[in-house]
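Just so it is clear, the values below take in all heavy atoms, side chains as well, and ignore hydrogens, waters and symmetry mates. Just so it is clear: chains get the letters A, B, ... in the order the sequence lines come, proteins before strands, and each one is counted from 1.
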Amino acid sequence: MLIFDSVQKKKREFTPLEEGKASLYVCGPTVYDDAHLGHAKSALVFDLLVRVLKANGYDVTYARNITDIDDKIIKKAIEQNKDIKEITEFYTEAFHKEMEAIGVERPDIEPKATESLEAMYELVQKLIDSKHAYKTDDGDVYFDTSSDNKYLSLSHRVQDEEDKVQRVESSSEKKNSADFALWKSVKDNTLTFDSPFGAGRPGWHLECSAMIEKHLAKPHAKFAVDIHGGGADLLFPHHENEAAQTRCATEHALANYWMHNGFVNIDGEKMSKSLGNSFFLKDALKVYDGEVLRFYLLSTHYRSNFNFNEEDLAASKKRLDKIYRLKKRLFGLATNNEKTKFQEKLLSALSDDMNVSLGLALIDEMITHANETLDTAGKHKELKKETISNLYYIEEILGFSVKNPYEYFQYGVDEQTKEKIAELIIQRDEAKKAKDFEASDKLRDEILHYGVSIMDTTQGTFWEKI
RNA sequence: GGUGCCAUCGCCAAGUGGUAAGGCCGCAGCCUGCAAAGCUGCUAUCCCCAGUUCAAAUCUGGGUGGCACCUCCA
């Protein structure tokens with residue numbers, strides 16, 4: 001299996017720290033607002049990675065944190081005059097529900113910052129003891145970047161000397177401008193914790209390092225985890241700082257492989273509050289089936305920037321429809337679940353740094369071939385079994401077409417309408433039998449009026465929501 | 001300003017030294033009472049210039065045009 005390591009900037013063969021096992025840590029959401037399409041993309045990318053690792057036979061331990069200590073959370077709580085916990089629990093639950101809607105499986109471990117404070121204290125204490133961190137008169141604790149000769153080795157950044165001097169002058173508390181807070185002294189009573197370094201809050205880079213030590217790190221391995229992932233923007237400063245803390249506080253480096261997913265833009269523009277174009281997942285789910293969103297967001301390479309627009313989304317839906325139509329054609333038939341050549345090729349494509357585009361091309365070719373054979377030799381038993389097995393494989397490894405095909409095509413249509421359509425179809429069939437095509441066409445127009453399309457097959461007339 | 005990434009058919013998008021996958025859209029046909037669905041066929045020499053090579057979309061240099069990070073961010 002090949003993984004593009006964004007620190008070494010090349011594809012590397014995946015070799016786990018422990019034979020047959022893979023550990024993965026991904027930076028999760030800060031729960032102060034609804035998840036947008038970018039959060040969805042990141043969660044989907046690593047959900048797929050876990051599936052591909054499992055398909056390659058690895059026993060995967062996947063952790064994704066919930067950041068529930070943050071200034072933005074406090075701000076929101078004050079704004080809405082609510083308890084901090086009320087805010088974090090609300091958005092955590094919303095996040096879980098929305099992830100479920102797009103087929104993202106829950107990670108094995110979902111650590112919260114508020115539950116990992118002891119691990120954070122321990123880490124900070126180690127850094128102070130080893131002179132990699134220092135306390136200021138204000139009670140803050142900073143990481144001393146000049147004490148780490150590997151600092152910036154992750155992001156390959158170069159220190160800007162002039163900038164450095166200027167900022168040091170303006171902020172006398174820090175030894176170096178690049179130094180970042182491990183512990184921030186806070187005197188108010190919003191959300192503070194009594195640490196060995198005084199009351200305050202942890203710095204935002206600290207929690208990931210601490211949680212990894214607590215939940216995933218193997219004591220004597222060269223790296224704490226196999227893979228560390230997150231959005232492309234996190235490489236600097238977040239991951240750089242995480243790596244520095246862990247490297248200096250423990251005897252191992254943080255991660256063997258670093259993976260970063262590309263960004264989601266909306267109609268060519270970056271999503272941002274100031275542009276007013278943040279696209280929340282919950283809003284997208286009102287209009288689109290979660291699975292269509294999953295298919296669309298995963299359809300291009302995870303490292304590329306993704307430009308979200310409705311035309312491309314519609315094209316993705318059509319592509320997913322084709323999988324479901326084939327599933328519908330074979331609905332209810334048994335399978336032998338045998339490994340096929342197609343499955344091998346699909347796994348091989350996905351195992352090459354998750355080449356989904358190539359995988360989708362394989363799927364489309366498989367579908368065309370199956371439909372072609374089914375058209376010309378409808379009783380081809382072996383092919384039917386193989387195809388069903390292939391469809392199950394697509395479900396398992398990509399999470400596409402997991403629903404009942406009939407339900408999928410009638411998504412969002414209420415029961416009353418369904419009954420009405422069924423009734424009209426019966427009437428039309430009768431008119432057709434009587435060769436009264438004028439009447440049957442009229443009835444079809446009436447059916448189409450409900451925003452559905454109908455198709456006559458040898459098994460009867462079916463309808464789909466357009 | 002610093003650092004880095006990208007540029008392939010109308011649109012989305014693989015391929016990264018051996019002669020351009022796949023999907024959407026479009027056109028023609030088969031099937032159909034007509035449709036829909038399905039199937040078949042057709043549609044690019046890879047931003048520009050120069051170079052390396054028997055061979056380049058793929059490597060090198062120079063342009064041009066996008067984008068990201070450097071501050072909170074998936």
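Contact of A:Asp441 with B:G33 (side chain to base): a donor-acceptor pair of N or O atoms is detected under 3.5 Å. Side-chain atoms of A:Arg444 come within donor-acceptor range of the base of B:A35, with a qualifying N/O pair under 3.5 Å. Donor-acceptor pairing under 3.5 Å, judged by distance alone, is absent between the side chain of A:His301 and the base of B:A14.
The side chain of A:Leu358 sits closest to B:A14 out of B:U40, B:A14, B:A35. Here B:G4 is the nucleotide among B:G33, B:A74, B:G4 with the atom lying nearest to any side-chain atom of A:Lys9. The side chain of A:Arg157 has B:C70 as its nearest neighbour among B:C70, B:C72, B:A74. Relative to the side chain of A:His36, the nucleotides B:A74, B:C11, B:A13 differ in distance, and B:A74 lies closest. The side chain of A:Arg428 lies closest to B:C34 when the candidates are B:C34, B:A74, B:G22. For A:Ser42, counting side-chain heavy atoms from C-beta on, the closest listed nucleotide (B:G23, B:C39, B:A74) is B:A74. Closest approach to the A:Phe236 side chain among B:A36, B:C69, B:G22 is made by B:C69 (side chain taken as heavy atoms from C-beta onward). Closest to the A:Lys318 side chain, of the nucleotides B:A68, B:A37, B:C24, is B:C24. Proximity note for A:Asp312 (side chain, C-beta onward) versus B:A74, B:C12, B:C39: the nearest is B:C12. In the set B:G33, B:A36, B:C12, the nucleotide with an atom closest to the side chain of A:Ser453 is B:A36.
Taking the six-membered ring where tryptophan is involved, the planes of A:Phe295 and A:Phe400 are tilted, since the angle between them lies from 30° to 60°. Ring planes of A:Phe180 and A:His205: perpendicular class, angle over 60° (limits at 30 and 60°).
Nucleotide B:U43 has no partner under the Watson-Crick or G-U criteria, as no pair reaches both atom distances under 3.5 Å. Pairing for B:G1 goes to B:C70, judged as Watson-Crick or G-U wobble with the two contacts each under 3.5 Å. The partner of B:G38, taking Watson-Crick or G-U wobble pairs whose two distances both stay under 3.5 Å, is B:C30. Pairing of B:G17, defined by two Watson-Crick or G-U wobble distances under 3.5 Å, is not identified with any nucleotide. Nucleotide B:G10 forms a Watson-Crick or G-U wobble pair with B:C24, both donor-acceptor distances falling under 3.5 Å.
Nucleic acid contact class of A:Val264 (heavy atoms, under 4.0 Å, all strands): base. Among the atoms of the strands shown, only primed sugar atoms or phosphate atoms (P, OP1, OP2) are found under 4.0 Å from some heavy atom of A:Leu234. Using a 4.0 Å heavy-atom criterion, one finds that A:Lys72 contacts the sugar-phosphate atoms exclusively.
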Legend entry - Evaluation steps, ring-ring contact (aromatic ring centres under 6.0 Å, His included), between A:His36 and A:Phe280: CA-CA 4 Å; A:His36 58 225; A:Phe280 293 118; 7.2 Å; no
Inset, instruction - Start with the C-alpha gap between A:Lys112 and A:Asp68, add the side-chain angles, then the distance that decides, and say whether salt bridge (charged side-chain N to carboxylate O under 4.0 Å, His left out) holds. - result: CA-CA 6 Å; A:Lys112 290 180 178 154; A:Asp68 58 357; 5.6 Å; no
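Remark: P of B:G38 and NE2 of A:His369 are 17 Å apart, rounded to the nearest angstrom. Computed from coordinates, the A:Asn265 CG to B:C5 P distance equals 19 Å when rounded to whole Å.
B:C42 and B:G23 have their P atoms separated by 13 Å, given to the nearest Å. Comparing the same atom, P, in B:G15 and in B:A50 gives a spacing of 29 Å after rounding to whole Å. Taking atom P in both B:A36 and B:C24, the straight-line distance is 15 Å, to the nearest Å. Comparing the same atom, C1', in B:U58 and in B:U8 gives a spacing of 11 Å after rounding to whole Å. Between B:U19 and B:C6, the two P atoms lie 23 Å apart (nearest whole Å).
In this structure, A:Asn371 reaches the B:C39 phosphate: one of its side-chain N or O atoms is under 4.0 Å from OP1 or OP2. Contact annotation: A:Asn355 side-chain N/O to B:G15 OP1/OP2 distance is under 4.0 Å. Contact check, A:Arg325 against B:G38: a side-chain N or O comes under 4.0 Å of OP1 or OP2. In this structure, A:Lys322 reaches the B:C24 phosphate: one of its side-chain N or O atoms is under 4.0 Å from OP1 or OP2. Considering only side-chain N and O atoms, A:Thr368 lies under 4.0 angstrom from the phosphate OP1 or OP2 of B:C39.
Relative to the six-membered ring of A:Phe236, A:Arg157 meets both conditions, a distance below 6.0 Å and an angle of at most 45° to the axis. For A:Arg303 and A:Phe4, the positive end sits near the middle of the six-membered ring, less than 6.0 Å away and at most 45° from its axis.
Taking the 5.5 Å centre cut-off and the 30° plane limit, the aromatic side chain of A:Phe263 is classed as stacked on B:A74.
A distance below 6.0 Å separates the ring centres of A:Tyr406 and A:Phe331.
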